[in-house]
Asker: 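Have a look at this one before I ask anything.
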Amino acid sequence: MNPRVRALVRREFRERTRTKAFLIISVIGAIAVAFLTVLPALVDELSTPDPVVVAVESPASGQVSALRDALPERLDDGGRRYDVRAAADAKDPDLRLRLRTSGDRVTGVEVRGEDVEGDDARTVVAGVQQLALAGRLQAAGVDAGRTLRPVPVRAVSTDDGPDDTKQALAYALVLLLYLTLLAYGSSVSTAVVSEKSARVTETLLVAVSPREHLLGKLLGTGAVGLVQYGGWIVVAAITRAIAGAAGLGDSLGALTPGVAVAFVGFFLLGFGLFGTLYAAMCVGASRVEDAASASAPLAIPLIGGFALSLAALGDPDGATAVVGGFIPFTAPMVMFTRVALGDPSVLSVVVSVLGILLASGVALSVAFRIYGAGLLRYGNGAGLGQLLRRAGTR
Amino acid sequence: MLRLDGIARRFGDRQAVVDASFAVSEGSVFGLLGPNGAGKTTTIRMVLGMLGPDAGSITWHGRPVSGEPRSTFGYMPEERGVYPRMPADEHVALFGELYGLDRTTARARASTWLERLELPGDHDARVDTLSKGNQQKVQFASAVAHDPKVLVLDEPFSGLDPVNQVLFERTMLELAEAGTTVLLSTHDLDRVELFCREVAMIASGTVRFAGGVDELRARHDDLRRLVVEVVAEPDDPRLGFADAPAPVREEPPAAGVQRLVWELPPGVDPDALVAGVVGTGLGLRRLEIVEAPLREIFLREATAS
């Protein structure tokens, strides 16, 4: 890298990372990332009911363990639904079902606590009866294992859309992509205009060319974004490790290396495009408040990209998502969503990336043309057309 | 030598600079004078390569400035511009690096220059915690730390206290003595008279004059004045000798002393006036031909159509 651009990038990076705003956003972001990493697993853990404690009075030999094996597991996670014990202390507060048996027959069921459903009692009684039946068949010389082989049950989601966890993760990431593209794009324009209003630009332009100045701004701001992302990723990894050690699951199971690379890649591509556009649109402004209005039109493609991404979350390979993935202004968010949830071909991803790069190249060449003229312009803000006309005479 | 040859620059319908030509000798302090909006800043920006001229050429040692390394130039604009949140020494070192110094050298030069410009306190203090004058020192150091061959200073003394004005003047002259060519754009004509042997006067985008200060004065010879102070009371009849041409009577410098001032337009012979004064027999306290002040020359040039 050109040493002048390197010096500008370093300055930009230091200036931004030394601010309280950077620190606050980074910390809040890290807390949010840590929270979102374990929250679903935590909620799941808290909402999973404890096994129903079943006590069998005077059980026959092997009846308890046989009943334990015969009773069904929880359908959603395969955990134990019933905790079967030999007759326990009648005052055990955890006890919910107390079975009175005589031989292999159930002579009575005592239900304790309001949180036990009638189904549980029926299921447990049916379990005992099943065992009894199996024992009698066995005694009659019938192959009970074959005769009473349970019908295999497989859980199948009736929802045709993507897996809920993947979808939630993709939504969170695409929202983060949208917010960071918006934030870092505006921060490029703020940096350009605040430097102008502080009148540093005029001195700088003796030492560096407008191109170098623009590249310094873009690379410096992009580096800040990458560092912030990097920090959040480290926080997520640590949280995940801690959650794993504590026996908790996490919500990042769907974050494959491919999705992570796509996320960072599409952030960089999107930032390259929108950062350049923000700089070009705002370079004619002299005040930060003018920069905000000058760059307002850029919110349209960003919001459009986010809206199309929301559509793509439901149908990542649908027509809307496919088209949105090829429009350079919406592609960073839409194609990322497709990569995270759908099954886009490698060719379509390559075409999408090339489209963004091409659009960025065009934006950069326009920005290079007008940047010098815009940086030296003070007073009433100048539009793109004015700057292009003026750049023609530079 | 820095040479501007027939340069012109237009912004839309406005012709900012028209056919401007002048030459700046190496190692000199050259005054660039002109009223606000005259085209000085546009000219400076063209010299510094920030704007290209529509016509004409700007050369340094015969080579176009556009091809010169950026480190040839240093610039301190009239509008003070600094990064407010940067430490002062980092600010100066940054500009040193941007002008091509390696990091270590840039840091060393930053320290040297802040010392030389007598920046008080810690050199790593944030720029926005410094006084306006000290921020100006940071900006000056940022413009010169890389040892430029051409230094453009736009109103460098404004906003400084007298002590720091002298410090800046001394530093500027030391740089010029060391071979730096200084292009000084200012409205402070007293300093131009003190420091510049050559000037260019720009008005309405046109160079009205470019050359030596003596030559400029000679062009405005009619603005010279003869100042005479004689020992006399205001109503002394011997003062009547000077009825044609009539002098301006200025405030008496002391009791019993009268000050008579004659303008010397073409046709008025100062020798004859001096002879007249001597002939009165009044005691002479002062007899001086005062050169045309740059201020009046400036006003005349600036308001000439």
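A note on names: the letters A, B, ... follow the listed sequences, proteins ahead of strands, and every chain is numbered from 1.
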Asker: Relative to chain A, which segment of B:Leu98 carries a heavy atom at a distance below 4.5 Å: side chain, backbone, both, or neither?
Answerer: both

Asker: Looking at CE of B:Met86 and CD of A:Glu15, how far apart are the two atoms once the value is rounded to the nearest 0.5 Å?
Answerer: 7.5 Å

Asker: For the residue pair B:Gln139 and A:Thr203, establish whether any side-chain heavy-atom pair is separated by less than 4.5 Å.
Answerer: yes

Asker: Rounded to the nearest 0.5 Å, what separates atom CD in A:Glu12 from atom OH in B:Tyr83?
Answerer: 7.0 Å

Asker: Checking heavy atoms, do the side chain of B:Pro148, its backbone, both or neither come under 4.5 Å from chain A?
Answerer: neither

Asker: Highest number of heavy-atom pairs under 4.5 Å with chain B: which of A:Leu204, A:Thr19, A:Leu8?
Answerer: A:Leu204

Asker: Taking all non-hydrogen atoms of both residues into account, name the closest pair between B:Met50 and A:Val206 and its distance.
Answerer: SD-CG2, 3.7 Å

Asker: Check B:Glu97 with A:Arg4, please: is the shortest side-chain N to carboxylate O separation under 4.0 Å?
Answerer: no

Asker: Please classify the contact between A:Ser194 and chain B as side chain, backbone, both or neither, with a heavy-atom cut-off of under 4.5 Å.
Answerer: neither

Asker: More than 12 heavy atoms of other residues, nucleotides or ligands under 6.0 Å from CZ of A:Arg14: yes or no?
Answerer: yes

Asker: What distance do A:Glu202 atom CD and B:Glu78 atom CD have between them, rounded to the nearest 0.5 Å?
Answerer: 9.5 Å

Asker: Kindly give the heavy-atom pair with the smallest separation between A:Val208 and B:Arg70, and that separation in Å.
Answerer: O-NH1, 3.4 Å

Asker: Taking atom CZ as the centre, does B:Arg85 end up with more than 12 heavy-atom neighbours from other residues, nucleotides or ligands that are less than 6.0 angstrom away?
Answerer: no

Asker: So what's closer than 4.5 Å to chain B heavy atoms on A:Arg10: side chain, backbone, both or neither?
Answerer: side chain

Asker: What part of B:Thr41 is in contact with chain A, defined as an atom under 4.5 angstrom from a non-hydrogen atom: side chain, backbone, both or neither?
Answerer: side chain

Asker: In terms of side-chain geometry, is the basic nitrogen of A:Arg18 or B:Glu90 positioned less than 4.0 Å from the acidic oxygen of its partner?
Answerer: yes

